[in-house]
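Note sheet for the following structure.
Computed over heavy atoms, backbone and side chain alike; hydrogens, waters and symmetry mates excluded. Residue numbers begin at 1 in each chain, while the letters A, B, ... track the order of the sequences.
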Protein chains: 2
Amino acid sequence: MKKDSKYQSGCPVAYGLEVFGDRWSLLVIRDMAVKGAKTYGELLDGWEGISTNILAQRLKQLEEAGILVKTQDPDNRRSFLYSLTPKGRDLAPVLAEIALWSAKYNEAGHAMTGFSDKVQMDRERVVSRIRKGELP
Amino acid sequence: MKKDSKYQSGCPVAYGLEVFGDRWSLLVIRDMAVKGAKTYGELLDGWEGISTNILAQRLKQLEEAGILVKTQDPDNRRSFLYSLTPKGRDLAPVLAEIALWSAKYNEAGHAMTGFSDKVQMDRERVVSRIRKGELP
DNA sequence: ATTTCTACTTGCGAATTGCAAGTTGTTATG
DNA sequence: CATAACAACTTGCAATTCGCAAGTAGAAAT
């Protein structure tokens, strides 16, 4: 999708969107930051159903962008562990603000997640926890 | 692009991304919120060069989503004025957090915009101004 | 030894994107 | 007032990207 994209404008918003501004990247980051997903399989079984080829592609891009790192699972040699870097965890405020906005405007209500509630209760705490590598 | 997408998961992050989670929507919103772009032509001449058919499509989607409204220019009958609704302006914190993140991690530096600087100087003020419909 | 698991890769039709050119109605110009 | 220029799109089409399904490779369980 985003190679070394020609969309370079110098705008900070555009820079961010180059890195994670597609339909899936932020959802992968959310699964890791909010749900604590660590393996390929866990990410594949996320709430929205990303397809396997797209997931593989995004993981590679996000790794190249320094958002996450891939390591061998010490307990299972056929498994890898994905984890967010500080750069990736620093996207917590972005996730939080999107959740706050959605909580305000999504009439349908948001089931299956206490994330919105937690952020509404104490945004700083949630952001701080994610930044430290903990679950919200 | 996003019809009534099947990506409904109940997750607030996913809801937000359904509305503005593509390559261009947030850039259009940024052009309006930060640059004060109001007409189709101004949006076309944005920093990144969106193509005309995509712009038309996004404007329609964002209007349907209640992010912006389209009105006749009272001074020029061949021109329309696009403006953000409160729902659209409430995305200011999202733009701000993306800008802060980019300012921290974009080595290339971000020329041609004082938005990052303004947000870094006083995030609350910038968000507040955009929420009121003023330029940051 | 064979099945199962984990993490992918490959193929391919369908949808989306980007570029270029054309259209419609409006205002400015000679 | 005829014509050029403008503003906001629309249309066509090639190329990229996406999503589903199926297949592969190596490790672990049975």
Side-chain angles (χ1 to χ4, degrees), chain A residues 1-9 14 17-28 31-32 36-65 68-83, chain B residues 1-9 14 17-28 31-32 36-65 68-83:
Chain A
M1 186 250 297
K2 67 191 70 156
K3 330 196 169 193
D4 280 274
S5 57
K6 54 209 160 179
Y7 299 101
Q8 303 225 359
S9 65
L17 294 178
E18 272 177 41
V19 177
F20 55 80
D22 63 275
R23 170 149 325 283
W24 291 110
S25 293
L26 270 183
L27 293 177
V28 169
D31 276 359
M32 300 179 70
K38 288 188 173 316
T39 66
Y40 192 88
E42 287 169 359
L43 290 166
L44 206 49
D45 297 339
W47 288 319
E48 287 84 11
I50 188 173
S51 47
T52 175
N53 54 343
I54 303 296
L55 176 58
Q57 193 179 116
R58 289 297 176 275
L59 287 173
K60 189 184 295 182
Q61 292 173 347
L62 291 173
E63 194 182 4
E64 286 168 357
L68 53 82
V69 287
K70 177 185 179 181
T71 55
Q72 275 278 353
D73 184 339
D75 299 334
N76 187 340
R77 200 138 32 144
R78 68 184 162 183
S79 189
F80 294 94
L81 295 178
Y82 291 95
S83 54
Chain B
M1 187 249 298
K2 67 192 70 156
K3 331 198 168 193
D4 280 277
S5 59
K6 53 209 162 180
Y7 300 100
Q8 304 226 358
S9 64
L17 293 179
E18 274 178 40
V19 177
F20 56 78
D22 64 275
R23 170 148 325 281
W24 292 110
S25 292
L26 270 184
L27 293 177
V28 169
D31 275 358
M32 299 179 70
K38 288 188 172 316
T39 66
Y40 192 89
E42 286 169 358
L43 290 165
L44 252 193
D45 297 338
W47 289 319
E48 287 82 14
I50 189 174
S51 48
T52 176
N53 54 344
I54 303 297
L55 176 58
Q57 196 179 112
R58 290 297 176 275
L59 287 172
K60 191 184 293 181
Q61 291 173 347
L62 292 172
E63 194 182 6
E64 285 168 359
L68 53 82
V69 287
K70 177 185 177 181
T71 55
Q72 275 279 353
D73 184 337
D75 300 334
N76 187 341
R77 198 119 54 118
R78 70 185 161 182
S79 188
F80 294 95
L81 296 178
Y82 291 95
S83 54

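Residue contacts shown for Lys60(B) are absent, as no nucleic acid heavy atom lies under 4.0 Å away. Within 4.0 Å (heavy atoms only), Thr52(B) reaches at least one base atom of the nucleic acid.
Checking dC18(D), dG19(D), dT17(C) against every side-chain atom of Gln57(B), the shortest atom distance belongs to dT17(C). Of the candidates dC8(C), dG19(D), dG18(C), the closest approach to any side-chain atom of Ser51(B) belongs to dG18(C).
The distance from atom CD of Gln61(A) to atom C1' of dT17(D) is 11 Å, rounded to the nearest whole Å. If you take CD1 of Ile54(A) and C1' of dT16(C), they are 12 Å apart, rounded to a whole angstrom. If you measure from atom CZ of Phe80(A) to atom P of dA25(D), you get 16 Å, rounded to the nearest angstrom. Distance, Leu55(A) CG to dA7(C) P: 10 Å, rounded to whole Å.
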Inset, instruction - Classify every nucleotide of nucleotides 25-30 of chain C by which part a protein heavy atom approaches to under 4.0 Å, writing B for the base, S for the sugar-phosphate alone and - for neither, in 5'-to-3' order. - result: BBS---
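Not counting sequence neighbours, Tyr82(A) has no partner by the side-chain hydrogen bond (donor to acceptor under 3.5 Å, both in side chains) test.
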Legend entry - Chi angles and distances behind the side chain to side chain contact (heavy atoms under 4.5 Å, CB included) call for Met32(B), Leu43(B): CA-CA 8 Å; Met32(B) 299 179 70; Leu43(B) 290 165; 3.9 Å; yes
What's touching nucleotides 11-14 of chain C from the protein side, N or O pairs under 3.5 Å?
none

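Closest approach of Val28(B) and Leu55(B) over heavy atoms only: CG2-CD1, 4.0 Å.
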